[in-house]
Every structure is written in structure tokens, then in C-alpha cells.
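Below is one structure, written out as C-alpha cells; the observations come after it.
Residue numbering restarts at 1 for every chain, and letters A, B, ... go by the order of the sequence lines. Side-chain atoms are counted along with the backbone in the values below, which use heavy atoms only and exclude waters and symmetry mates.
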There are 2 protein chains.
Amino acid sequence: MAAKPQDPRPSPARGRRSKDTATRILDSAERLVQVRGFNGFSYADVASELGVTTASLHYHFPGKTELGRALIERYAERFAEALAEIETREAEAPARLAAYAGLYADVLRGRRMCLCGMLAAEHGTLAEPIRDRVIAFFDDNEAWLQRVIDGGRADGSMPPGAASREAARLIMSALEGAMLVARPYGDVDRFDAAASSLLATVTRAPSPAA
Amino acid sequence: MAAKPQDPRPSPARGRRSKDTATRILDSAERLVQVRGFNGFSYADVASELGVTTASLHYHFPGKTELGRALIERYAERFAEALAEIETREAEAPARLAAYAGLYADVLRGRRMCLCGMLAAEHGTLAEPIRDRVIAFFDDNEAWLQRVIDGGRADGSMPPGAASREAARLIMSALEGAMLVARPYGDVDRFDAAASSLLATVTRAPSPAA
DNA sequence: GTCTATAGGCAGATAGAC
DNA sequence: GTCTATCTGCCTATAGAC
């Protein structure tokens, strides 16, 4: 569903050769958006990185909006797969939350911002199809987090507490913010520290007073 | 130290007439950066908003970098004043933290992102003088929060807990992230909910287990 | 201080040859 | 699919008149 029908396979035999052009465009553009922002990169940047012309990019993605749309769709797809993988790998809610934070840390280690966090900052300048998908990404993340929290409370691995929806929103927002702030410092430790103290407060039992 | 010597006052008698041009430029550019990002606005945007030409802007701020620098400096100055005002108005640490979060909520109500949060997202494309000042802004905020937390623990208005520096970083990062995420939704309530559950966890006593 | 005029470059985008 | 060539428009920035 990404960009083209493209079933009549091109030359590289589709086995495990070099990726096709559309994929390489997405890879390059994705990194550029995560590092420089959607308004901070151009077709020319991608083209020169790939050694092709901008006309070629326009063949695969007619406009910057379509490229952006494809970028988020692929990103959200991969993120969803990573979340599913966490659920099969980690049984308990606290470990799942820690692994979730680890996903963010991995992105940050590549000196990148979360794609959708970046687009959220620029949302005032984005076309509607892109805005909509940014929101859908956040909604999906929240829903997953909420399910994890509810599950953890049900099986006793998480203490009871405030509404799970609010907790889910806090976790996602705080991790996005921790990435945002850590990046100018070039300091992943700063993110890790924020993430672990966040998860510590969410995971620990509520105070006796509560 | 903002932009010009400008002591030989111009026509408007400097009493309480319309603001001078440099100030009006800063006001317009500030809003544009907070809504659209530094790479999402142009001199032409500011000029048309003010009914002047871009050449006039270049007289006051030779380049976009100098404008950005002036923008942050003024923003940081005003933020510092707001923090000082909070300290005189609120005696106890929890109230001070709530007022701090209220500052962010006010910005968000104007449909704006924190200026430095926005610039942090774009930091990969910014000139060094701007990057440096973004970091300085965050450092100042963290230092203030840490002092508030330490003070609250000393006077008993805050429970003891993990390192105050980490707590300060978490608060600032989480509030920046809550703004970032809430803005595409156009939903200030979403921010308020995240802020209050954040402050609730920071303000409440640590768990019996801890 | 603000203007007109303009330079010079880069942006996103398209037509049409190969 | 990818290229060359080109368009139009916007961008930052400057020179010089008023």
C-alpha cells in the first residue's frame, strides 16, 4: 500500500539485492525528516544523497505531501510491528513499558527525533493528510500503552492508580518530550534517566496517602 | 541588549504609544516561529503582517539568525521574570510547580508551542548561536525547578524522593512533550491532564516499597 | 527608518526525450 | 524509470534613493 503497484518486478530480481528506488527514497527522506524536519529538507537533498535527479523522485512520489504520507504510513507500520514484538517477548507490563521506552532510545541513538514528534512540532505547516496520520499514530500508541497498563493491573504486575488512559498519555508525551530535549544536548543518557524515573513513578505503588 | 542602541528616541515619544518596529517584528516573528517553526516562516510573512517591507526587517535584524537570537533572548528573559514572579506569589513548592505548568498551558492556549521546544525540534538546521541559547534556556529552567524541589523538600512541602536534578529534568521534558503532542489535537485539556498527573506523581510521597 | 528595485539562489514541480 | 531542461515562485539579502 506504500507507493506503487510495482508488482511487475524490476531488474534486481527482488531476491536480496539493493533496495528498489522507492524504498531508498523513503529511507533517505525519513532520516532527513527526523534530523532536520519536514520543512528542513528538500527533494534535492534526497536526490543528491541517492545520486539521482529530483525528477526521478517526482516519478515515485508526485509531491512532498505524498512522500510525507508514505513516510508516516511506513513508520507507523513498523512501529506497530515493534509493539507486537514486545508483547510476544515481554510478559509483564513493567518490562513492556521499559521496552517501549527502549524503542525511543534506539531512535535517539541514531541522532533522530521520533518522526511523528517532529511532524507534531511542524503541524502548523503540514497538509491535512499528514496531520491526520500523525494523530492516528499517537492514538495507536496511546491505545497500546493503555492496554498494557490495564493488563498489568489485571495480572498484578502493575499497581492500581489513576485512569490508565491518562497514564498512557503521560508516558507517551513524556517520552516524546524527553527525546525533544535530549537531542540538542546530544545526550542519550539524559533521555534514559528521564525515561526510567518516569517509569519508576508509573510502576511503583501509589502513596499511602492516596 | 535586545537589538539596537536606539537611545535617541524616535517619534512616538516613547511614552505608551504603539510599540517600536523592532518590538513589533519580534512579536510577529515569535508567534510565527511558535506556530510554524523557524524553517516554516519567512521575512516576507513578518513584513506582510506588519505592513512593511522585508528590507525594513533587514535593517533591524540583519539576518534570520540574528532575529532568532534576539527572539530567544527576549523569550528567556520574560520566562525568567515569570519564574521570579511565581516565587514571590507562591510560597510552597507544589504550588510553584503547578504555576510553572500553568505557564506552559498559557502558551498552548495561544495555539503556540514553547519557542525553545520548537527550536529544539529543528535544532539540526539551526545556526550555533541559536542552538546555544536553546540549551541555555533548558539549563535555566532545570536549575529553577531543581531549586524549587530542593526547597520544598527542605521545608517539608515536598516528599523526599529521587535526585532532584532528575526530577527537574523529567518535569520539564514531560511538559514540553505534553505541549508537543497536545497541539495537533488542538486540545489544551489533554495537556492539563498530563501536567496534573505528572505533578501528582512528583508531589506525592514515594511508595512504601521504596 | 523605510522604501523601490533587484540580485542570486533554491524550492517544488512538469514536459518530453531516452 | 531516469534523465535534461526548464518554469515559476519564493527565499534571504543588498544597494541606494528618499
Side-chain angles (χ1 to χ4, degrees), chain A residues 2-14 17-29 32-33 36-71 122 125-127 129-130, chain B residues 2-14 17-29 32-33 36-71 122 125-127 129-130:
Chain A
K4 296 266 106 189
Q6 164 186 68
D7 254 6
R9 280 76 183 275
S11 19
R14 200 35 35 97
R17 308 287 288 175
S18 62
K19 298 172 183 172
D20 62 21
T21 304
T23 302
R24 297 200 307 141
I25 291 170
L26 288 173
D27 290 344
S28 169
L32 284 165
V33 173
R36 305 176 50 90
F38 194 78
N39 296 323
F41 89 103
S42 71
Y43 266 43
D45 294 329
V46 177
S48 86
E49 207 168 287
L50 265 46
V52 297
T53 62
T54 61
S56 183
L57 299 208
H58 280 285
Y59 168 79
H60 293 281
F61 303 96
K64 218 182 169 187
T65 297
E66 287 83 356
L67 174 56
R69 199 170 49 68
L71 240 25
E122 299 178 289
T125 64
L126 302 177
I130 297 186
Chain B
K4 298 265 106 188
Q6 162 187 71
D7 252 4
R9 279 79 184 275
S11 19
R14 198 35 31 98
R17 308 288 287 177
S18 62
K19 299 170 182 174
D20 63 20
T21 304
T23 303
R24 297 200 307 140
I25 291 170
L26 289 173
D27 290 344
S28 168
L32 283 165
V33 173
R36 305 176 49 89
F38 194 78
N39 295 323
F41 89 102
S42 70
Y43 266 42
D45 294 329
V46 177
S48 87
E49 206 168 287
L50 265 47
V52 297
T53 63
T54 61
S56 182
L57 299 208
H58 280 285
Y59 168 79
H60 293 281
F61 303 95
K64 218 182 169 186
T65 298
E66 287 83 357
L67 174 56
R69 199 171 50 68
L71 240 25
E122 299 177 289
T125 65
L126 302 176
I130 297 186

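- Side chain of A/E122 to backbone of B/G37: no donor-acceptor contact under 3.5 angstrom is found.
- Distances from the side chain of A/S56 to the nucleotides C/dG1, C/dC3, D/dC3 place D/dC3 closest.
- Remark: C1' of C/dT4 and OH of B/Y59 are 18 Å apart, rounded to the nearest angstrom.
- At a threshold of 4.5 Å between non-hydrogen side-chain atoms, the residues B/F61 and B/R69 do not count as touching.
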Take B/L32 and B/E49, measure what side-chain contact (heavy atoms from CB on, under 4.5 Å) needs, and give me the verdict at the end.
-> CA-CA 10 Å; B/L32 283 165; B/E49 206 168 287; 4.1 Å; yes
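- One atom, CZ of B/R24, and another, C1' of C/dG1, lie 12 Å apart when rounded to the nearest Å.
- For the side chain to side chain contact (heavy atoms under 4.5 Å, CB included) test, residues two or more places apart in sequence or in another chain that qualify with B/P62 are B/E66.
- Proximity of A/L26 to A/L67: side-chain heavy atoms (C-beta onward) are separated by under 4.5 Å at one or more points.
- Per the geometry, CD1 belonging to B/I25 stands 7 Å off P belonging to C/dT2, to the nearest Å.
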Indicate for each nucleotide in nucleotides 4-18 of chain D, in 5' to 3' sequence, whether protein heavy atoms under 4.0 Å reach the base (B), only the sugar-phosphate (S), or nothing (-).
-> B------SSBBB---
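- Under the 3.5 Å distance criterion, the side-chain polar atoms of A/Y43 are left unmatched by any main-chain donor or acceptor of A/T53.
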